[in-house]
Q: 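Have a look at this one.
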Amino acid sequence: MDKRSSISLPEGIGVAFTALNANKMRSALTMLGIIIGVAAMITMVALGTGAKRAVTSRIESLGANLLFLRAGAARSGHVHMAAGSVENLTDKDAAAIAAECPTVVAVVPEATGSAQVKYENKNWNTRIIGTTADYEWVRNMSVVNGSFFTATDDARRQRVCVIGQTLVENLFEDTDPIGHTIKIRGINFQVTGVLAEKGAQGWRNEDDQILIPLETAMYRVMGRDNYSSITLRVAGDEFMDQATLEIESVMRRRHKLGPGQENDFSVQSMSDVASTLGETAQTFTALLASVALVSLIVGGIGIMNIMLVSVTERTREIGVRKAMGARRRDIQAQFLVESIALAVAGGLAGVALGAGAAIGLAYFYGWNTQVSIEAVLISFGFAAMVGIFFGFYPARRAARLNPIDALRYE
């Protein structure tokens, strides 16, 4: 066959785009599945990446060299409650750790719960944390208005509290809350301080909480004699492993656990918490990305369907081109270019839409999002692969048409 009778690649691309341009609405609707799939994938990955970054930021903001002692045995990085061990941490456990663990420089017990808070005619359900005065510097908290409660307030079981920004906005609005009285489970508490804004981190809003003295929480509000957890500050990074061993030794002896018995408590470091939350965020991201991937596959099926219709509609055109000397690979390349063009155009539009959605969620709703170049490249690359994969069969079918039968086709 004469080489001059074959079609060049640029010429084939031009023919492909002319065919797509002739059916603008059909081409746009065909790209819609790819657009939605790519946009969804980029948005979901941006949310997952942003959540992981927020978790890391939150862990760092809590302060360095922290260990968390909680009731229940730890398995594979996650805390599971052992039978009979629900919140079995007591003041004697805290005192023993403070006295017998030389690498631990601060012991801060916590008793947590939730309650309805009332100010005048306004109500709000929030998280209540009963803790000591050391909570402020151990957890790296900051009071922007007023002051934190003192050890004397704790010892005297004073009804004072420090509130987060969410409560200020929902209960006090434009009123300065310092000195005002709120009701926690019907008990009057005086507001002495307002915490600095930290924002929502994952599923927990650090601004939606009230801190009250530990003794007040346990004996006036919650009616309990055990702790939910104990936060421990270690002398330095180099002592973290040693501190963990010291704490485990004290707790096993105090809880009368024999050799071979599983701990009825868990000791987690900041890195353990960050790793666990990071894994959760990654799993959630992978799940959402998988759903988006289904949209891409559905979009690919749409491309295949439209390309098969196009082959049928242009059967006589294919016959004419073959009669004029076009080779099989020329026909196949033309239809494959059309398929890839649909996928690539849809991918570009999806990237723009996905990035815009992620930015919009961060701007209008304050969600933590981060559009990564890796997610963009992977999504766009997968869209192109979808175009090749689902466009190959229609292109091959067009290339294998018999020119005589194609010319006779009505």
Side-chain angles (χ1 to χ4, degrees), residues 55-56 58-101 103-115 127-132 134-136 138-141 201-206 209-212 214-215 217-218 221-234 239-257 261-281:
V55 166
T56 302
R58 172 59 188 152
I59 293 300
E60 292 174 352
S61 72
L62 287 176
N65 311 327
L66 296 187
L67 291 174
F68 302 97
L69 175 61
R70 295 186 174 90
R75 299 178 188 273
S76 302
H78 300 274
V79 175
H80 296 262
M81 302 306 294
S85 67
V86 178
E87 297 191 351
N88 60 349
L89 303 176
T90 67
D91 55 345
K92 293 181 180 179
D93 292 329
I97 292 172
E100 302 175 33
C101 299
T103 58
V104 176
V105 296
V107 178
V108 180
E110 298 173 30
T112 61
S114 59
R127 187 166 181 257
I128 310 297
I129 302 177
T131 187
T132 66
D134 287 338
Y135 186 93
E136 182 180 12
V138 168
R139 284 296 195 102
N140 198 25
M141 306 298 287
Q201 306 293 343
W203 60 88
R204 177 173 163 182
N205 186 354
E206 293 295 325
Q209 62 183 12
I210 296 179
L211 305 181
I212 63 178
L214 180 64
E215 293 293 310
M218 295 179 67
V221 179
M222 301 178 187
R224 58 193 292 178
D225 58 1
N226 49 40
Y227 303 142
S228 303
S229 62
I230 300 176
T231 301
L232 308 147
R233 186 156 191 166
V234 182
F239 300 116
M240 294 294 281
D241 292 337
Q242 182 181 341
T244 301
L245 293 175
E246 290 174 355
I247 294 164
E248 287 184 350
S249 177
V250 170
M251 291 296 295
R252 287 187 65 83
R253 188 183 69 253
R254 281 204 41 78
H255 289 201
K256 297 180 174 59
L257 299 175
Q261 280 189 282
E262 187 178 23
N263 290 340
D264 62 354
F265 60 88
S266 66
V267 182
Q268 288 184 304
S269 67
M270 298 296 286
S271 59
D272 293 334
V273 174
S275 176
T276 300
L277 294 177
E279 288 173 7
T280 302

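Quick note: residue numbers are just sequence positions, from 1.
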Q: To the nearest 0.5 Å, tell me how far L257 CG sits from M251 CE.
A: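 CE of M251 is found 8.5 Å from CG of L257.
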Q: Do the side chains of I129 and Y135 get nearer than 4.5 Å, heavy atoms only?
A: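 Yes - at least one pair of side-chain heavy atoms lies under 4.5 Å apart.
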Q: To the closest 0.5 Å, what do you measure between CD1 (I247) and OG (S266)?
A: 11.0 Å
Q: Is any side-chain heavy atom of R139 closer than 4.5 Å to one of E110?
A: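 In contact.
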Q: Roughly how far apart are E206 CD and M141 CE, rounded to 0.5 Å?
A: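 Separation between the atoms: 6.5 Å.
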Q: Going by atom types only, do T112 and R127 share a side-chain donor-acceptor pair under 3.5 Å?
A: no
Q: Test N226 against N88 for side chain to side chain donor-acceptor pair (under 3.5 Å), laying out the working first.
A: CA-CA 6 Å; N226 49 40; N88 60 349; over 6 Å; no
Q: Give, for atom CD1 of I128 and atom CD of Q209, the distance between the pair rounded to the nearest 0.5 Å.
A: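 Reported value, rounded in 0.5 Å steps: 9.5 Å.
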Q: For R252, enumerate each residue passing the salt bridge (charged side-chain N to carboxylate O under 4.0 Å, His left out) test, keeping only those at least two apart in sequence or located in another chain.
A: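 R252 satisfies salt bridge (charged side-chain N to carboxylate O under 4.0 Å, His left out) with no other residue.
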Q: Would you say the side chains of D93 and H255 form a donor-acceptor pair under 3.5 Å?
A: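 Per modelled atom types, D93 and H255 side chains form a pair under 3.5 Å.
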Q: If you compare all heavy atoms of A217 against all heavy atoms of I212, which two are closest, and at what distance to 0.1 Å?
A: CB-CD1, 3.5 Å
Q: Is the closest side-chain heavy-atom distance between V138 and L66 below 4.5 Å?
A: yes
Q: Please report the C-alpha distance between E246 and T103 in whole Å, then the side-chain angles of each, then the deciding distance to 0.1 Å, and finally whether the side-chain contact (heavy atoms from CB on, under 4.5 Å) criterion is met.
A: CA-CA 8 Å; E246 290 174 355; T103 58; 2.7 Å; yes
Q: Does L69 reach the side chain of S229, with side-chain heavy atoms less than 4.5 Å apart?
A: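 Not touching, per the 4.5 Å side-chain cut-off.
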Q: Does T131 use its side chain to pair, donor to acceptor, with the backbone of P109 at less than 3.5 Å?
A: yes
Q: Taking atom CZ of F265 and atom CD1 of I230, what is their separation to the nearest 0.5 Å?
A: 11.0 Å
Q: Using side-chain contact (heavy atoms from CB on, under 4.5 Å) as the criterion, list what pairs up with R253, not counting sequence neighbours.
A: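 R253 satisfies side-chain contact (heavy atoms from CB on, under 4.5 Å) with E100, V250 once adjacent residues are dropped.
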Q: Judged by atom type as modelled, is there a donor-acceptor pair below 3.5 Å linking the side chain of T244 to the main-chain atoms of M240?
A: yes
Q: For E215, check side-chain contact (heavy atoms from CB on, under 4.5 Å) against everything at least two apart and list the hits.
A: D154, R157, Y219
Q: Can you tell me how far apart CE (M218) and OG (S228) are? Round to the nearest 0.5 Å.
A: 8.5 Å
